[in-house]
Protein chains: 2
Amino acid sequence: MGILKRIDTKQQPATKARPKLSLLPLDTILMDDCVAAMAKLPDRSIDLIFADPPYNLQLGGDLFRPEGGRVDAVDDDWDKFDTFEAYDRFTRAWLREARRVLKDDGTLWVIGSYHNIFRVGAALQDEGFWILNDIIWRKANPMPNFKGTRFTNAHETMIWCSKSEKARYTFNYRAMKGLNDDLQMRSDWSLPICSGGERLKDDDGHKAHPTQKPEALLYRVLLASTEPGDIVLDPFFGTGTTGAVARRLRRRWIGIEREPKYVKVASERIASTLPLDESAMAGVPEKKSAPRVAFGILIETGLLQPGTILTDAKRRWKAEVRADGTLVADGAAGSIHKLGATLQNAPSCNGWTFWHVEQAGKLLPIDTLRQRHLAATGE
Amino acid sequence: MGILKRIDTKQQPATKARPKLSLLPLDTILMDDCVAAMAKLPDRSIDLIFADPPYNLQLGGDLFRPEGGRVDAVDDDWDKFDTFEAYDRFTRAWLREARRVLKDDGTLWVIGSYHNIFRVGAALQDEGFWILNDIIWRKANPMPNFKGTRFTNAHETMIWCSKSEKARYTFNYRAMKGLNDDLQMRSDWSLPICSGGERLKDDDGHKAHPTQKPEALLYRVLLASTEPGDIVLDPFFGTGTTGAVARRLRRRWIGIEREPKYVKVASERIASTLPLDESAMAGVPEKKSAPRVAFGILIETGLLQPGTILTDAKRRWKAEVRADGTLVADGAAGSIHKLGATLQNAPSCNGWTFWHVEQAGKLLPIDTLRQRHLAATGE
DNA sequence: GCGGAACATGAATCCGCTG
DNA sequence: CCAGCGGATTCATGTTCCG
């Protein structure tokens, strides 16, 4: 069978929690096809698998931004499959090996988009995995839909599953609650995409990998579903985000990656990542900002009816609410902010405080309705 | 085959937008199995389908049992496999009928949770549907996970798809943007669950249906992907949320529901729902429906003189207007769009917003002149 | 050095009609 | 079916550059 190529990175001190197999190529990148590499690992030896497989995006020609720039799309060969059937075969092959090497109480995470995640989800159910949650990564700053043809594709989906319904998997409930201001962690996570200094660049200054995931995502995944010292396998290692976060959180890791250039980037990255101090392992609190409420919600939820007349505080202007959440007055129309600015001939306007609605004989700023919505939904 | 039982509710005034078939049982609930009822509808007759199929996979309801179920006791794995297979058969059966009755440019929405949505998504791709978006309904106030064993299941997933990649589906981009404070509507929608007065109760005061969807959800779905007068089919009608919102937004609807008690609740509910006033229905016009104005008209009508010099906003390029409505600059010539693209070395250019004319010492985009022309001709 | 404008960019199934 | 062409279309961040 030949010897696996290994890239060794600095060994980290293990925090003991579960018995480990000494045969595993720990804290190492295996440069190989993921199915072939997994086939060489022993049965039931891995605590957690995080998989970021190709999405099979099926993109067409070039896409241009309104200002003329060209979108740098994922056009790599590794994302191309001839048919759904071919993609399904690939998926089942790596899922089977993943299932074999996973401990009976271990869990598997897979991330994907609508292009592939439904196929992956159905396949893993067919292979006997038991879905625990589907988690939505809500991107704080996604790429817009430049042509206005669909809803902005602003999220990705992760599936978290165990090997069976009865498995006693790891879920660090308290740690998750602590990360979320002492509220239960929900199935939707709002996190920024990977950019700025975290985004790895190659020698030319271009992004080293087209789909690098943010460390914050892996941080939450590993903190939720592993203990220190657990063994984490990533069969589509890429730039090694999983390995870097595992090392930082004092988990052991194994990465599998076929492309030599990604292996190089990942091993350098992980070597320069330091494990957290034991004292800091308690977790880092995250700041939470108030959710933005669009005016349209008030109409959709019935707090305000289409056709209602709004006025400013001194009743100098009035406007009618339409079904799509815009206002119309004297032929002018627009959002609550834009119309307020237009009527006052001002550069901008806070529509929430400018516009009022008459209720019980009194003029209420529509911001009051927003507060009511927030209160009703407990946010 | 017998005659379909129909429950007629009050007819709503139709706002004409697309040609309709008089044979369809419009604004009616068909009390029948959804596949059997759809089988009686003509091909390509429906503009939009909203489907909220059952997903009680592990409850082993009769619905999903394969014909002539096993006699021998089976172990859990086999039973689960059978259940998934049976669920897939059921899914493909209703998806095929849905596909047949849908117009070629119509679209389908399906809502589900992690129990069933991956199977449904894979099945609809297999049947040839083309996914446009997956939409996350982020529940503002979900039920907590009482045992603390998983993440709070705080969302449901909707898949929006067309019949083919090339279909010219309806997407009211402007209306969606209007609902969202003039920002593109994203694929994650934060809306409260259906509760309080909206939640229908039976005579005992218990909730009439276990999975009643909020009207706000359907409001956004219908506003996004249908026009007034369009025909909306809901093959799993339940308490008729789809019908109630369709009536309110002046869409036509057909509901299919097997359970007599739900049919009763839904028909009463819809009868007491009133359509919105026409004036509130007039939303932001979609730009693409505005009449086209050729640049040459501005010259013919005297709004612009041949020989006038146009520049871009930063005065980097200039061009001269010729009598035939073309521009010329540095030997290059062409339409306002083509010349703009040529000069910038860009793949395309909107000449209306790129070119400016100096009037009263200020640079005005020539689009302003087009607006002036449209206003003068009363369009 | 600082503030603001300008520029760059992210897993994207991204136009529609006419001839 | 394809080519041509009119003209519609972007949000949140982070970095660079200029005054």
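A, B, ... follow the sequence lines: proteins, then strands. Residue 1 opens every chain. As the structure is a prediction and not an experimental result, all values here were calculated from the model.
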Next item on the list: Examine the side chains of A/Arg199 and A/Ser195 and answer whether a donor and an acceptor come within less than 3.5 Å of each other.
Entry: no
Next item on the list: Give a yes-or-no answer on whether the side chains of A/Thr152 and B/Gln184 include a donor-acceptor pair shorter than 3.5 Å.
Entry: yes
Which listed nucleotide ([options]) is nearest to the side chain of [X]?
X: A/Thr149; options: D/dT13, C/dC15, C/dT13; result: C/dC15
X: A/Phe146; options: D/dC11, D/dG7, C/dA11; result: D/dC11
X: A/Ala140; options: D/dT13, C/dT9, D/dC11; result: D/dT13
X: A/Arg65; options: C/dG10, C/dA11, D/dT9; result: C/dG10
X: A/Asp72; options: D/dG7, C/dG10, D/dT10; result: C/dG10
X: B/Trp130; options: D/dC11, C/dT13, D/dC5; result: C/dT13
X: A/Leu63; options: C/dC14, D/dA12, C/dT13; result: C/dC14
X: B/Gln125; options: C/dT13, C/dA11, D/dG6; result: C/dT13
X: A/Ala73; options: D/dG6, C/dA12, D/dA8; result: C/dA12
X: A/Asp79; options: C/dA11, C/dC14, C/dT13; result: C/dA11

Note to self: Quick check on the 6.0 Å ring-centre criterion: do A/Phe90 and A/Phe81 meet it?
What the structure shows: yes
Margin query: Can you tell me how the ring of B/Trp317 sits relative to the ring of B/Phe354, calling it parallel under 30°, perpendicular over 60° and tilted otherwise?
Written below: tilted
Margin query: Is the ring pair A/Phe151/B/Phe171 parallel, tilted or perpendicular, if the boundaries are 30 and 60 degrees?
Written below: perpendicular
Between the base of [N] and the side chain of [X], is there a donor and acceptor pair under 3.5 angstrom?
X: A/Arg150; N: C/dT13; result: yes
X: A/Lys139; N: C/dA11; result: no
X: B/Ser348; N: D/dA8; result: yes
X: A/Arg199; N: D/dG14; result: no

I want to check one thing: is the phosphate of [N], taken as OP1 and OP2, less than 4.0 Å away from some side-chain N or O of [X]?
X: B/Tyr173; N: D/dT9; value: no
X: B/Tyr169; N: C/dC14; value: no
X: B/Arg168; N: C/dC17; value: yes
X: B/His337; N: D/dG6; value: no
X: B/Arg370; N: D/dA8; value: yes
X: B/Lys338; N: D/dC5; value: yes
X: A/Lys213; N: C/dA11; value: no
X: A/Lys207; N: C/dG10; value: yes

Rounded off to whole Å, could you give me the [atom1]-to-[atom2] distance for the [X] and [N] pair?
X: A/Met143; N: C/dT13; atom1: CE; atom2: C1'; value: 11 Å
X: B/Arg292; N: C/dT18; atom1: CZ; atom2: P; value: 8 Å
X: A/Arg70; N: C/dT9; atom1: CZ; atom2: P; value: 12 Å
X: B/Asn172; N: D/dA8; atom1: CG; atom2: P; value: 18 Å

Check: When you check the glycosidic angle of D/dT10, does it come out syn, meaning within 90° of 0, or anti?
Finding: anti
Margin query: Just to verify, which of B/Phe129, B/Phe50, B/Trp160 counts as forming a ring pair (Phe, Tyr, Trp, His ring centres under 6.0 Å) with B/Trp109?
Written below: B/Trp160
Note to self: Nearest heavy atom decides the nucleotide; on that basis, is B/Lys314 or A/Asn153 closer to the 5' end of DNA chain C?
What the structure shows: B/Lys314
Note to self: Closest-nucleotide mapping onto DNA chain C: is B/Glu165 or A/Ser195 further toward the 5' terminus? I mean the 5' end.
What the structure shows: A/Ser195
On a whole-Å scale, what distance lies between the [atom1] atoms belonging to [N] and [M]?
N: D/dA8; M: C/dG10; atom1: P; answer: 28 Å
N: D/dG6; M: C/dA11; atom1: C1'; answer: 31 Å
N: D/dA12; M: C/dT13; atom1: C1'; answer: 23 Å
N: C/dA12; M: D/dG7; atom1: P; answer: 30 Å

Item checked: Ionic contact status for B/Asp105 with B/Lys103, cut-off 4.0 Å -> no
Notebook entry, point to check: Do the charged groups of A/Asp62 and A/Arg70 touch, with an N to O distance under 4.0 Å?
Noted result: yes
Tell which nucleotide pairs with [N], taking only Watson-Crick or G-U wobble pairs whose two distances are both under 3.5 angstrom.
N: C/dG3; value: D/dC18
N: D/dC2; value: C/dG19
N: D/dT13; value: C/dA8

Check: Under 4.0 angstrom, heavy atoms only, what part of the nucleic acid is A/Pro53 near: base, sugar-phosphate, or nothing?
Finding: base
